[in-house]
Amino acid sequence: MNTQILAPAAVLIVWSIIMLVWMALTRFPAMAKMGKTGGGGAGLGKAKPGARGQDLEGRIPDEVNWKAHNYTHLMEQPTLFYAVVAILAIAGGSQDTVIAAWIYTGLRIVHSLWQSLVNTLPVRFTLFLLSTLALAYLGVRALVLTL
């Protein structure tokens, strides 16, 4: 089993947890401030039944919501990354797949930072596209190894 390829996946998991904490640390104060300024009382205890994070769109600053948007993104496409990494670990991926997995992880972290702090679309899309190409490479390599 090629366990080297598991490290970038583990790093991306830890990064996702960091983004979750960052999201909470920025959202909760924004919600508390919104409640104090007459924005509809947004404390967690005052939230309407069934409320979701999406309900905060347009109610708290966009810069605060950017962290939540990115956390959602980290729960989407990277699920394919985790699956392909598992396949490659079992099937015996080579050094090129380990490098591609690190490239994917690095680009996703940079994408997170960009989306959370600056969030201009051309750069964000480029980072997403490059990471998707790395993921596609990993997927093809997994397919070839398993056929």
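We count residues from 1, following the sequence as given.
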Enquirer: The test is side chain to side chain contact (heavy atoms under 4.5 Å, CB included); show your working for T120 and W114 and say whether it passes.
Expert: CA-CA 8 Å; T120 56; W114 189 266; 3.1 Å; yes
Enquirer: Look at the rings of H73 and H111 and say which category their plane angle falls in: under 30° parallel, 30 to 60° tilted, over 60° perpendicular.
Expert: tilted
Enquirer: To the nearest 0.5 Å, tell me how far L135 CG sits from I103 CD1.
Expert: 12.5 Å
Enquirer: Where do S131 and L107 come nearest, in terms of heavy atoms and distance?
Expert: N-CD1, 3.6 Å
Enquirer: To the nearest 0.5 Å, how far apart are CG in L113 and CG in L127?
Expert: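 Nearest 0.5 Å value for the CG-CG distance: 10.0 Å.
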Enquirer: Is there a side chain to side chain contact (heavy atoms under 4.5 Å, CB included) between E63 and S116 once you walk through the steps?
Expert: CA-CA 7 Å; E63 294 81 7; S116 297; over 6 Å; no
Enquirer: Which distance, rounded to the nearest 0.5 Å, do you find between the CG of L74 and the CD1 of I18?
Expert: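 The CG atom of L74 sits 11.0 Å away from the CD1 atom of I18.
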Enquirer: May I have the step-by-step check of side chain to side chain contact (heavy atoms under 4.5 Å, CB included) for H69 and Q115, ending in yes or no?
Expert: CA-CA 8 Å; H69 299 164; Q115 184 173 17; 3.6 Å; yes
Enquirer: Search all heavy atoms of N70 against all heavy atoms of M19 and return the closest pair with its distance.
Expert: OD1-CE, 3.6 Å
Enquirer: State plainly whether one hydrophobic cluster holds both I87 and L6, where clusters connect Ile, Leu, Val, Met, Phe, Trp and Tyr through side-chain heavy atoms under 4.5 angstrom apart.
Expert: no
Enquirer: Rounded to the nearest 0.5 Å, what separates atom CD1 in I99 from atom CD in Q4?
Expert: 9.5 Å
Enquirer: Nearest 0.5 Å, please: how far is CH2 in W22 from CH2 in W66?
Expert: 10.5 Å
Enquirer: Do S94 and R141 have side chains that approach each other closer than 4.5 Å (heavy atoms only, starting at C-beta)?
Expert: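 Result yes, sub-4.5 Å side-chain heavy-atom pair found.
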Enquirer: List the atom of W102, the atom of V11, and the distance in Å for their closest heavy-atom pair.
Expert: CH2-CG2, 3.6 Å
Enquirer: Indicate yes or no: at least one non-hydrogen side-chain atom of L88 is less than 4.5 angstrom from one of V98.
Expert: no
Enquirer: Within a strict 4.5 Å, meaning less than it, do heavy atoms of the V118 and V123 side chains meet?
Expert: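 They are not in side-chain contact.
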Enquirer: Taking the side chain as every heavy atom from C-beta outward, state whether F81 and R108 have any pair of such atoms under 4.5 Å apart.
Expert: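 No. Closest side-chain heavy atoms not under 4.5 Å.
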Enquirer: Looking only at heavy atoms, which two atoms of I60 and M31 are closest? And how far apart?
Expert: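 Closest heavy-atom pair between I60 and M31: CG2-N, 4.4 Å.
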Enquirer: Which atom names give the shortest non-hydrogen contact between G93 and L145, and what distance separates them?
Expert: CA-CD1, 3.9 Å
Enquirer: Could you tell me which residues satisfy side-chain contact (heavy atoms from CB on, under 4.5 Å) with Y82, sequence neighbours excluded, listed by chain and number?
Expert: A9, L12, I13, S16, P78
Enquirer: Nearest 0.5 Å, please: how far is CG in L143 from CG in L138?
Expert: 12.5 Å
Enquirer: Taking all non-hydrogen atoms of both residues, which atom of A100 and which atom of A134 are closest, and how far apart?
Expert: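 Result for this residue pair: O-CB, 4.0 Å.
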Enquirer: Going through the distances and angles, do L130 and Y104 end up as a side chain to side chain contact (heavy atoms under 4.5 Å, CB included)?
Expert: CA-CA 8 Å; L130 292 172; Y104 180 83; over 6 Å; no
Enquirer: Quick check: do R27 and N65 have side-chain heavy atoms less than 4.5 Å from each other?
Expert: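 Of all side-chain heavy-atom pairs linking N65 with R27, at least one is under 4.5 Å.
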